Colleague: 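Structure in structure tokens, see below.
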Amino acid sequence: MFVLIWSTLFFSVRGSNADKGASAWGRQHCDRKYCVTLSERELTAEAGLCVVIPCSFTTAANFAPKHIVWYKCKSCKKYSDADIIFHSNKNNKKVQSGFKGRVSRLEPDVSQKNCSIIINDLKESDSGFYQLRVTGVLNGKQDGVTFNQRVTVIVKGIEQKPKVMIPTLTEGQQATLTCTAPGLCSGSAPQITWTWRGAGGTESYITGNSTDYKTENLTNVTRRHISTLTFNPSAEQHNTNVTCKIHFTSDVTAEKTSGLNVNYVKEVNITGVTTVRDGESLNLTCNLHSFPPSLIIWSKLGSNEKLHTDTGSANLVITNVTAGDAGQYVCTAKYMNNTLKDKVNVTVIWFSKIQTGSGCVLQSEVLTCVCISEGFPLPTINWPLLKNHTEYSVITTVSNHTVNSTVSVTVKSHGNSTVECVSNNGNGEEREILLIHQNLSEKHEQSSGVRLAYLKVTIAFLTGVLFSAVLCCLATHCYRNKQKTSRSLEMRTHQDDKLVYDSQALQDNLTLNSNSGPKEVEYADINFSLLKSNGAREAARRQESTKTVYAEIKKAVEEREDDAEEEGEMLEAKEDEMVVEMEMKYREPEKELEMGKERVYATVNDVTDEI
């Protein structure tokens, strides 16, 4: 038993001094037949704990040891009963009050010649020199021996920490923490407390959990002090600190702070704005609070492509979104052997926009307008034009995100009219003035009417010019013919020409009547066939001139007909009318020619009268 106790304390003391290279044993010092074995080096101990002073002695054969006494002295040149810290005789009252109950020997049997002691609940004031005295009976008389050798003990502040054991902690599963006080001392039992320290550093005592304290007696002089804490870990305790604090006597404390890692997992949480406008940026964050951290994967429903991957938290950013970016996005979290998912629907809002193809058509005073608008949400289309009308019709059709609105309204004049289409889907309004297009057939009819009117004016103008020129020519020509006819008749009357049927007959007649007086010229003697043939030739020349002018007019009309084929029948009727008119006008010179004949006849009569 002694060997076990001694070896335990030896290795305990040796372990506490191992860092300093000190040994608990020394060499033997003898004075005559009395010898003692003590450590030659200093023994360093920590306040609140204990120190073991190993010691052994031998005496003369006729000396019977009874008690051992330990002194603490400053110089130990002199010692007195006031310096006694331990006496094996429990009836001795001279032990210092400050050491009572703190010093005990390792081997109660003095005959074993083991003088080792243990000092518990050390204080820094316990530092000093310690010296041994053995009392007994020598030859039947009380006697004792004090050894000059002494042991130096130095007590410093406590440096050893409690030992805290933390198992794997899982949220919801009960766990037990263990805190073991430093030292294997048989002194006063220390007080052990547990406290939490949150992220802010505030310390608080644990409540609502069970704690247990126990002391394990390893030997008669060695004990182990243990405290346990049993609780249900939670995610709130993850990354917090737990502290085990040991309170020794004389306000000596030692503590150990350990961090807690609690295995836990929360629900997948997606944050961010899921409704964005066309052209803006989509920014979503998927969080999974867990320990250990989870692998986060972003994907889009219907696609196997991984959009973004991260640990613990993953941001999904899409710049300049379009309608194609709308849809359902899935966040997948892989935690240990579990897979968790969450999803969110992303909506892309399109600004209301009026599409190409919107416009108006006017046909027979019916104005039909079409306005096509696209957007999301689906836009509505308004027609400010309808405020001024009571009778109209509106037809609206919807296809996907496109609205087609058709309005029909009767208008008499659209010269100063404008048609406005207003599209609004709650995210913005767009207005557009629609162009009014006239029906192509009506435009062609109006264009033909304008060309026909222009052609009529042109023909009338040219006809007037030509008619005036013809009249002038005819008047001049008639005047010249009149003068020519007069001269011809005069010459035919006075000269020997073929104005009579037979020149010989005329000669004979003149011969027969040469002696007669002047005779009256007979009307039958005038050859009117010559006048008539001459007038016919003149009329033929005039008819030819008329045909030439008519040909020029007809050529101009045919050129106009090429530009207006649809008005051909009207132009032909007009042409016939012009021809009739021209023929009537050209017949007037023939009448004048007949009148000219009468005038010629009168002139002939005048000539014959003179003859």
Side-chain angles (χ1 to χ4, degrees), residues 1-14 23-41 43 50-120 126 128-153 185-187 217 219-222:
M1 182 66 180
F2 173 75
V3 175
L4 178 62
I5 296 174
W6 178 252
S7 60
T8 302
L9 289 175
F10 170 74
F11 285 109
S12 174
V13 173
R14 183 167 183 170
S23 175
W25 297 98
R27 64 180 180 175
Q28 188 179 45
H29 296 275
C30 297
D31 182 6
R32 293 173 293 175
K33 294 183 179 181
Y34 296 90
C35 297
V36 65
T37 302
L38 295 171
S39 174
E40 293 181 343
R41 305 184 66 175
L43 298 178
C50 58
V51 63
V52 174
I53 301 177
C55 175
S56 64
F57 66 91
T58 59
T59 61
N62 56 351
F63 182 83
K66 297 294 181 180
H67 297 284
I68 61 173
V69 180
W70 281 93
Y71 297 91
K72 178 181 180 294
C73 55
K74 294 181 179 180
S75 62
C76 292
K77 293 179 179 180
K78 288 185 178 181
Y79 55 87
S80 62
D81 292 344
D83 296 328
I84 297 175
I85 62 165
F86 176 77
H87 201 296
S88 60
N89 185 1
K90 294 181 179 180
N91 294 324
N92 190 292
K93 307 296 182 184
K94 296 178 181 179
V95 178
Q96 295 181 25
S97 59
F99 284 91
K100 285 183 178 181
R102 295 199 295 133
V103 183
S104 60
R105 47 186 183 162
L106 301 182
E107 177 55 58
D109 188 0
V110 179
S111 63
Q112 297 294 327
K113 297 179 180 179
N114 187 340
C115 53
S116 299
I117 59 173
I118 180 173
I119 304 174
N120 294 298
D126 293 336
F129 301 102
Y130 291 84
Q131 193 170 11
L132 174 68
R133 177 178 171 78
V134 180
T135 62
V137 178
L138 179 62
N139 297 325
K141 295 180 180 179
Q142 295 290 331
D143 198 357
V145 59
T146 300
F147 296 97
N148 293 327
Q149 284 73 24
R150 54 186 184 271
V151 178
T152 303
V153 176
C185 301
S186 57
N217 293 320
T219 66
N220 291 334
V221 294
T222 58

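Note that the coordinates shown come from a computational prediction; the quantities given were computed from them, not determined experimentally.
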Colleague: For a side chain to side chain contact (heavy atoms under 4.5 Å, CB included) with Ile117, tell me which candidate from Val103, Val52, Val51 qualifies.
Modeller: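 Result for side chain to side chain contact (heavy atoms under 4.5 Å, CB included) with Ile117: Val103.
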Colleague: Is there a side-chain contact between Tyr130 and Ile85, using heavy atoms and a 4.5 Å cut-off?
Modeller: yes
Colleague: Using the side chain to side chain donor-acceptor pair (under 3.5 Å) criterion, which residues pair with Thr152? Sequence neighbours excluded.
Modeller: none
Colleague: So, using ring pair (Phe, Tyr, Trp, His ring centres under 6.0 Å) as the criterion, who are the partners of His67 when residues are at least two apart?
Modeller: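 His87.
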Colleague: Return the minimal non-hydrogen interatomic distance between Cys55 and Ser116, and the atom names on each side.
Modeller: N-OG, 2.8 Å
Colleague: At their closest point, which heavy atom of Cys185 faces which heavy atom of Asn120, and how far apart are they?
Modeller: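 Minimum heavy-atom contact is CB-OD1, 3.3 Å.
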Colleague: According to side-chain hydrogen bond (donor to acceptor under 3.5 Å, both in side chains), does anything in residues 135-145 pair up with another residue at least two apart or in another chain? List the pairs.
Modeller: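 Passing the test, one end in residues 135-145: Asn62-Asn139.
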Colleague: Rounded to the nearest 0.5 Å, how far does OH of Tyr34 lie from OG1 of Thr59?
Modeller: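 One finds 6.0 Å between OG1 of Thr59 and OH of Tyr34.
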Colleague: Would you indicate whether the side-chain heavy atoms of Phe147 and His29 approach each other to under 4.5 Å?
Modeller: no
Colleague: Go through the structure and list residues passing side chain to side chain donor-acceptor pair (under 3.5 Å) with Asp126, not counting sequence neighbours.
Modeller: Arg102
Colleague: Got a second to check how far Ile118's CD1 is from Thr222's OG1, nearest 0.5 Å?
Modeller: 8.0 Å
Colleague: With sequence neighbours left out, what residues match Asp81 under side chain to side chain donor-acceptor pair (under 3.5 Å)?
Modeller: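 Partners of Asp81 by the side chain to side chain donor-acceptor pair (under 3.5 Å) criterion, ordered by chain and then number, come out as Lys94.
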Colleague: To the nearest 0.5 Å, what is the distance between CD (Gln28) and CG (Leu38)?
Modeller: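 That separation rounds to 10.5 Å.
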Colleague: How long is the straight-line distance from NZ of Lys113 back to SG of Cys35, given to the nearest 0.5 Å?
Modeller: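 Answer rounded to 0.5 Å: 10.0 Å.
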Colleague: Which atom pair, heavy atoms only, marks the closest approach of Val36 to Gln149?
Modeller: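 Here Val36 and Gln149 meet closest at CG1-OE1, 3.7 Å.
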Colleague: Taking atom CD of Gln131 and atom CH2 of Trp70, what is their separation to the nearest 0.5 Å?
Modeller: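 The CD atom of Gln131 sits 9.0 Å away from the CH2 atom of Trp70.
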Colleague: Can you confirm whether Phe63 sits close enough to Val134 that some side-chain heavy atom of one is under 4.5 Å from a side-chain heavy atom of the other?
Modeller: yes
Colleague: With sequence neighbours left out, what residues match Phe99 under ring pair (Phe, Tyr, Trp, His ring centres under 6.0 Å)?
Modeller: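 By the ring pair (Phe, Tyr, Trp, His ring centres under 6.0 Å) rule, Phe99 matches no residue at all.
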Colleague: Shortest non-hydrogen contact from Asp83 to Cys73?
Modeller: OD2-CB, 4.3 Å
Colleague: Taking all non-hydrogen atoms of both residues, which atom of Cys115 and which atom of Ser56 are closest, and how far apart?
Modeller: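 Where Cys115 meets Ser56 most closely, the heavy atoms are SG-N, 3.1 Å.
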Colleague: Measure the spacing between CG of Leu132 and OG1 of Thr146 and express it to the nearest 0.5 Å.
Modeller: 8.0 Å
Colleague: Evaluate the criterion side chain to side chain contact (heavy atoms under 4.5 Å, CB included) for residue pair Val110 and Arg105; output intermediate values, then yes/no.
Modeller: CA-CA 10 Å; Val110 179; Arg105 47 186 183 162; 3.0 Å; yes
Colleague: Specify the closest pair of heavy atoms between Gln96 and Lys72, including all atoms of both residues, with the distance to one decimal.
Modeller: NE2-O, 4.3 Å
